[in-house]
Amino acid sequence: MSTRIALRTAALGYLGVLVLVPLAMILYRTFEDGLVAFFQSVTTPAAISAISLSLTIVAIVVPLNVVFGLVTALALARGNFPGKGILQAVVDLPFAVSPVIVGVALILFWGNDGWLGGALPVIFSLPGMVLATVFVTLPFVVREVEPVLREIGTEQEEAASTLGASRWQTFWRITLPAIKVGVFYGVVLTVARSLGEFGALTVVAGGVAGESQTLTLLVHARYIDDHNTFGAYAASTVLMGLALVTLVLMALLERRREA
Amino acid sequence: MITVSNVSKHFGDFTALDDVSLEVPDGSLTALLGPSGSGKSTLLRIIGGLEWADAGSVVIHGDDVTNVPPQKRGIGFVFQHYAAFKHMTVRDNVGFGLKIRKTPKDKIDARVDELLNIVGLGGFAKRYPSQLSGGQRQRMALARALAVEPKVLLLDEPFGALDAKVRTELREWLRRLHDEVHVTTLLVTHDQEEALSIADNIAVMDNAHIEQVGGPRELYDRPANPFVMGFLGPVAKVDGTLVRPHDIALRTQPDAGTREAQVMRVSHLGFEVRVDLELSDGKPVFAQLTRYEAAQLELAGGDIVWLALTGDSDARLVSEDDRLDAVA
Amino acid sequence: MKRSRLLPAVTWIYVVWSLLPVLIAIRFAFNEGRSRTTGQGFSLRWFWTDPTLSVRNDPTLASALEHSLVLAGLSMVIAVPLGTALALGLQRWRGRGSGVSNVLMLLPLVTPELVFAVGLFLLFTSAFGFIGLGTTAQVIGHVTFSLSWVVLIVRGRLVMIGRDVEEAAADLGAPPWHVLRRVLLPLLGPALAASLLTVFALSIDDFVVAQYMASGADTTTVPMRIYASARAAPTPALNALVTIMLVLSLAALALAWVLGRGRPVEPRA
């Protein structure tokens, strides 16, 4: 029993020092000059633009990934078609790809010297950032919804069809309510990851302040380029706040899932 | 009337149904009886439109529904595990079919209340399926299926997930309901007691085929082959003849046509008494006697007795092989 | 019910569409010519044979690859034992502090990498200034965010094993250390292997933490190198590097997945 406590303490100690302390330091530096200073730093035009750009990307990416995530989950859980096994593996692929590579691949494809010869203005603009973010969040909704679909089985759907419901009516009234929690969980994960995305965006985004800078790019730019460390900490705090909200939502949904 | 003609169905290499034909009489309560894997559920699902047949046709009340999806067949289906819509109340479950048909709300409410009363779930409208017992959920499922006034009611092992006592109660209740409502009903079961007790008409299936179709008495007393005989009731084999254990009479004196046997064990099972015997060739056999008969004979282990075959001689089958020995 | 062709078709389109850029990048890693956009035959020159520009022979590329592998190796060796210790320690802990520990463990998973990197940078340039930036800082950073993954994987397996086995061993008189070594660890085998591979993949793929913890040219990792070259006019050697990275990550994660589903312990009666 005491071994367990020793192990526990050692590992927690490590985590405490290397996770809590850095985050606490950021918070400290952010608020050591008071709330007003913090507020001013995160409401500069560049900051507002960055926050709104990040949220815009989320607003586009989430519906896209929900729709296609649902379609994919349905295909994998209910369908029977050649190549299904490969699709299953391919869906998880984004986890194995370094974000920087995602960005580079997009440039190689869409960039002015790229494969399409820059036919469409994707790189350094919103579409490119959306594409990068879509890629890295691709698996989340699928992975959360597919197991639920498998678990609830097809009986309820069959019953609905015998009662006269069309495929769409069955999906909308029976399937969707049953997988609700899985969808929400997937959305929460997607939002968290989208807001925190940095590596891929650093490659494909213009990073121009007030224009093509997301919150993460803002933090980086302030810290490294402008040496505005306070500004960087303040913006980081905003990101941390969003992460905290994510954690709370995840915990709440987790409890609903067990029910 | 449901007419199934030459239906076949394969799942990969496995043949679930092989050229099966069946007529289900109007207004009857017909049972599809058979062991697991016999194809009975597949046949039911094909009739309901939840599976497509590879060959053959299905006609319901004169309409060829072979290629018609389940939505449009006018059937009601009840599943073994209830298939309750977990996120809806009992009221919304039962009224689902009507809502799909855009029936006005007050009419839906009236019909739901009527049905809930019929199935004995009168005060349960606001509850959720998770708050109901298994038996109650199945009654709700039945109400839900009946709400849209189906031409045909299909039940796939509806009592299979319930415990024994509830099962017996519910099947009697189903029979009474059928007597009131008179919808052509097709019930799949592996429980021969269930089929015998409530069905007007039984189709026995084995291994992708229908073995025999008939009323309960006919199947029990005049089985077409050893399989049907063994599935519907106990069988004893004496000198190559398959006979019902209760058609074996035991005598204390030899007589014309009797066979000698030795009593191995006498078991008192309440109303009936089971006597395990060994024939002179060493083969085991058992007889079923009433308490009265057993009391009269006063048998004990080791006694020598003589067997006589009584009962209707049409109720016996000659067995060519040892495929079916003393089956309990 | 009729099978719909639409569903799988749409799915495939979406997935392929998302993957196409990566596939194109890989294709050009094998290009004979210098172009990264026009197909010019097939060759391995960018990986191996080209005397100055291939991954093997270009010193900057080769050293980046080496450094990435070193970081990954060190991270594996530290994160897995530490994470396993934490998983064992958290197991069945119902007392005070268990909720907090759980949250603590999950924190690296929900915190945006960048915030984490900034925080670590702050730490290693102030309170932990004696360590400073560089390889050590990079390793520490990698270990920290990998820890949570190890805990998740090992914990999952511990749940499957159940407590009966441990208790049976203890009942038979085995001291705790013995139970750990002879009973638990072998049963945890697949989870440990899966953890090692996952930490490997996480480490070689990481960009942000390595970048922030770096101290100079000799602490450059492959993702950092890729980032630096992306905007310039690189040769297909960059594509080759990308391909190598993908192959390594994919192989590691595929193996981890396979092992993670390894033969489960018999279900508890």
Side-chain angles (χ1 to χ4, degrees), chain A residues 3-5 7-8 10-12 14-16 18-23 25-26 68 71-72 74-75 79-81 87 90-91 93 95-101 103-109 113-115 134-135 138 161 192 195-196 198-199 202-203 216 219-220 223 232 236 239-240 243 246-247, chain C residues 1 3 7-8 10-12 14-15 18-22 24-25 28 36-37 82-83 85-86 88-90 93 101 103-108 110-116 118-120 122-123 126 140 144 147 176-177 180 201 205-208 223 226-227 230 238-239 242 245-246 249-250 253:
Chain A
T3 358
R4 210 189 284 292
I5 297 187
L7 291 173
R8 193 189 283 170
L12 281 179
Y14 179 89
L15 270 184
L18 284 148
V19 176
L20 274 188
V21 170
L23 294 180
M25 285 176 85
I26 294 181
F68 286 102
V71 169
T72 310
L74 279 170
N80 210 341
F81 51 91
L87 189 60
V90 162
V91 161
L93 207 62
F95 285 142
V97 180
S98 174
V100 177
I101 292 184
V104 167
L106 285 171
I107 286 196
L108 290 177
F109 195 75
D113 301 318
W115 202 57
V134 160
F135 183 89
L138 196 66
S161 72
L195 291 172
F198 174 69
T202 249
V203 175
T216 49
V219 170
H220 183 72
Y223 210 67
S236 298
L239 271 173
M240 272 200 281
T246 312
L247 198 59
Chain C
M1 298 209 235
R3 236 173 270 167
L7 221 55
V10 170
T11 310
W12 268 115
Y14 185 63
V15 169
S18 301
L19 288 183
L20 202 52
V22 175
I24 301 283
F28 284 103
R36 290 159 71 222
T37 51
L82 206 54
L86 186 54
L88 287 172
L90 281 177
W93 183 7
S101 307
V103 169
L104 197 54
M105 200 263 320
L106 283 177
L107 213 47
V110 262
T111 315
E113 278 179 28
L114 181 62
V115 171
F116 185 55
V118 167
L120 280 182
L122 191 47
L123 188 68
S126 58
I140 294 180
T144 312
L147 216 51
W177 182 241
L180 185 71
D205 282 344
D206 166 71
F207 168 65
V208 195
I226 292 177
Y227 170 67
L238 184 65
N239 300 47
V242 165
M245 287 279 297
L246 283 171
S249 308
L250 273 169
L253 286 178

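Below, chains carry the letters A, B, ... as their sequence lines are ordered, and counting in each starts from 1. Not measured: the values here are computed from a predicted model.
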Heavy atoms only: give me the nearest [X]-[Y] pair and the separation to one decimal.
X      : Y      : value
A:V19  : C:P108 : CG2-CG, 3.9 Å
A:M25  : C:L123 : SD-CD1, 3.6 Å
A:Y14  : C:I140 : OH-O, 3.3 Å
C:V115 : A:I26  : O-CD1, 3.6 Å

Pick one of side chain, backbone, both or neither for [X], based on which atoms fall under 4.5 Å of a heavy atom in chain A.
X      : result
C:L120 : both
C:L253 : side chain
C:L82  : both

How far apart are the C-alpha atoms of C:L107 and A:L15, what are their side-chain angles, what is the distance that settles it, and do they pass the side-chain contact (heavy atoms from CB on, under 4.5 Å) test? CA-CA 10 Å; C:L107 213 47; A:L15 270 184; over 6 Å; no
What residue in C:D205, C:V118, C:L250, C:D206 has the most heavy-atom pairs under 4.5 Å with chain A?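 If we count pairs closer than 4.5 Å to chain A, C:D205 comes out on top.
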Please determine, among C:L86, C:V208, C:L147, C:L122, the option with the most heavy-atom pairs under 4.5 Å with chain A. C:L122
If we define contacts as heavy-atom pairs under 4.5 Å, which of [options] has the most with chain C?
options                        : value
A:A105, A:G199, A:A232, A:A243 : A:A105
A:L195, A:V134, A:T246, A:V97  : A:V97
A:V21, A:V100, A:L20           : A:V100
A:G103, A:S236, A:G196, A:A192 : A:S236
A:F68, A:F198, A:F95           : A:F68

For [X], is it the side chain, the backbone, both, or neither that has a heavy atom closer than 4.5 Å to a heavy atom of chain C?
X      : result
A:L138 : side chain
A:V71  : both
A:I101 : side chain

Working to the nearest 0.5 Å, report the span between CG of C:L114 and OG1 of A:T216.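 It comes to 6.0 Å.
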